[in-house]
Amino acid sequence: MRIYLKTMIAGAAMLMTVILPAAASDGVVTVKSDYSVAETVARIKKDVLKKGLMFFGVIDQAKLGNKAGNDVKPSRLVMFGNPALGTTFITSNPEAGLDWPVRVLVYQTGDGTVYAAYSDFDWIAKRHGITDRQAQFKMATEVIQSVTSSIRKN
């Protein structure tokens with residue numbers, strides 16, 4: 001029995017080392033919204049502007065896709081940022097410009113549920129090998145978490 005238990009524990013530990021990093025490695029954080037796509041976007045925009053961040057705009061992916069003949073559920077890409085903060089990532093690695101400004105994808109699934117998804121800043125740091133901007137990445141994480149908290153009825 002003891003050998004069996006040790007084998008089970010070792011197997012579970014090995015499985016966790018494979019599954020957990022794979023699940024976290026995609027770098028996408030998803031937050032369920034309590035509102036429609038339009039209201040979710042409006043709430044994000046309002047919170048971004050209230051925080052004094054720069055609002056770059058919204059791309060209505062569903063509108064573009066449907067116009068092109070594809071059946072696209074409601075989907076909007078919201079773009080915003082703080083140039084003083086966001087561009088510090090670019091000064092560390094120019095390729096970080098691929099992930100700035102901040103983008104939040106607001107979309108509706110087939111069952112009508114609305115989500116907001118964004119790239120995890122720790123993942124962005126790893127993706128671009130940026131190790132000299134921990135405080136800035138921490139601040140960016142706090143800001144995006146605060147912005148997306150505006151789409152939850154708490």
Side-chain angles (χ1 to χ4, degrees), residues 15-154:
L15 189 59
M16 294 297 274
T17 62
V18 173
I19 291 174
L20 287 180
S25 69
D26 71 354
V28 177
V29 177
T30 305
V31 179
K32 184 179 179 293
S33 177
D34 292 327
Y35 304 95
S36 68
V37 168
E39 180 64 19
T40 298
V41 170
R43 288 174 150 290
I44 290 171
K45 181 178 181 180
K46 180 180 178 182
D47 195 67
V48 162
L49 294 174
K50 184 174 88 177
K51 286 177 172 39
L53 302 172
M54 188 173 288
F55 185 79
F56 294 109
V58 177
I59 297 172
D60 189 333
Q61 296 171 324
K63 182 178 179 182
L64 294 169
N66 291 330
K67 189 175 180 180
N70 295 312
D71 184 22
V72 180
K73 303 242 181 297
S75 177
R76 297 182 189 168
L77 187 65
V78 182
M79 297 164 291
F80 59 90
N82 173 348
L85 178 62
T87 58
T88 63
F89 308 136
I90 296 170
T91 63
S92 185
N93 180 348
E95 290 180 356
L98 290 167
D99 292 299
W100 193 85
V102 175
R103 293 176 300 280
V104 176
L105 177 65
V106 178
Y107 64 95
Q108 182 179 314
T109 60
D111 68 0
T113 306
V114 175
Y115 295 94
Y118 60 90
S119 294
D120 176 74
F121 282 97
D122 288 336
W123 180 84
I124 291 170
K126 288 176 190 154
R127 175 182 186 193
H128 300 293
I130 299 173
T131 58
D132 60 346
R133 302 286 190 267
Q134 291 91 349
Q136 292 87 346
F137 277 110
K138 182 178 186 290
M139 183 181 294
T141 297
E142 291 169 359
V143 170
I144 192 68
Q145 288 173 343
S146 176
V147 168
T148 55
S149 73
S150 71
I151 65 171
R152 302 288 301 166
K153 295 178 187 174
N154 290 341

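Keep in mind that this is a model prediction, so the values were computed, not measured. Nothing fancy with the numbering, it's 1 onward along the sequence.
To the nearest 0.5 Å, atom CZ of residue F55 and atom CG of residue L49 are 7.0 Å apart. For the atom pair N70 CG and Q61 CD, the distance stands at 12.0 Å (nearest 0.5 Å). Remark: L77 CG to Y107 OH distance equals 13.0 Å, nearest 0.5 Å. If you take OH on Y118 and CH2 on W123, they are separated by 13.5 Å, rounding to the nearest 0.5 Å. The distance from atom NZ of K45 to atom CZ of R43, rounded to the nearest 0.5 Å, is 15.0 Å.
Residues satisfying the salt bridge (charged side-chain N to carboxylate O under 4.0 Å, His left out) criterion with K46, sequence neighbours excluded, are absent altogether.
Applying the salt bridge (charged side-chain N to carboxylate O under 4.0 Å, His left out) test to residues at least two apart or on different chains, the pairs with a partner in residues 71-87 are D60-R76. Within the structure, salt bridge (charged side-chain N to carboxylate O under 4.0 Å, His left out) pairs that include any residue of residues 116-133 comprise D99-R127 (at least two apart or interchain).
The two residues A62 and P74 have their closest heavy-atom pair at CB-CA, 3.8 Å. Closest non-hydrogen pair, A117 versus T30, comes out as CB-OG1, 4.0 Å. Closest approach of S150 and Y35 over heavy atoms only: O-CE1, 4.2 Å. G65 and V72 make their closest contact through CA-CG2, 3.8 Å (heavy atoms, listed as atom of the first residue, atom of the second, distance). Considering every non-hydrogen atom in both T40 and S33, the closest pair reads OG1-OG, 2.6 Å. The nearest pair of heavy atoms linking P83 to M54 is CG-CE, 4.0 Å.
Checked by atom type and distance alone, the side chain of N82 never pairs as donor or acceptor with a backbone atom of L53 at under 3.5 Å. Side-chain N or O atoms of D111 include one that pairs as donor or acceptor with a backbone N or O of T113 at under 3.5 Å. In this structure, S146 contributes its side chain and E142 its backbone to no donor-acceptor pair below 3.5 Å. Remark: side-chain polar atoms of S36 are paired, donor with acceptor, to backbone N or O of E39 under 3.5 angstrom. No donor-acceptor pair closer than 3.5 Å links the side chain of R152 to the backbone N or O of D34.
Side-chain contact between W100 and T87 is present, with heavy atoms from C-beta onward closer than 4.5 Å. A heavy-atom distance below 4.5 Å is found between the side chains of I151 and V31.
Of the candidates V58, D47, I144, I144 is the only one forming a side-chain contact (heavy atoms from CB on, under 4.5 Å) with F80.
The neighbour count for K63 NZ, taken as heavy atoms of other residues, nucleotides or ligands under 6.0 Å away, does not exceed 12. More than 12 non-hydrogen atoms from other residues, nucleotides or ligands lie less than 6.0 angstrom from CE of M79.
Ring-plane geometry between F121 and F89 is classed as tilted, the angle between the planes lying from 30 to 60 degrees on a 0 to 90 degree scale.
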- Task: Given side-chain contact (heavy atoms from CB on, under 4.5 Å), test V104 with V147 step by step and report yes or no.
- Result: CA-CA 10 Å; V104 176; V147 168; 5.7 Å; no

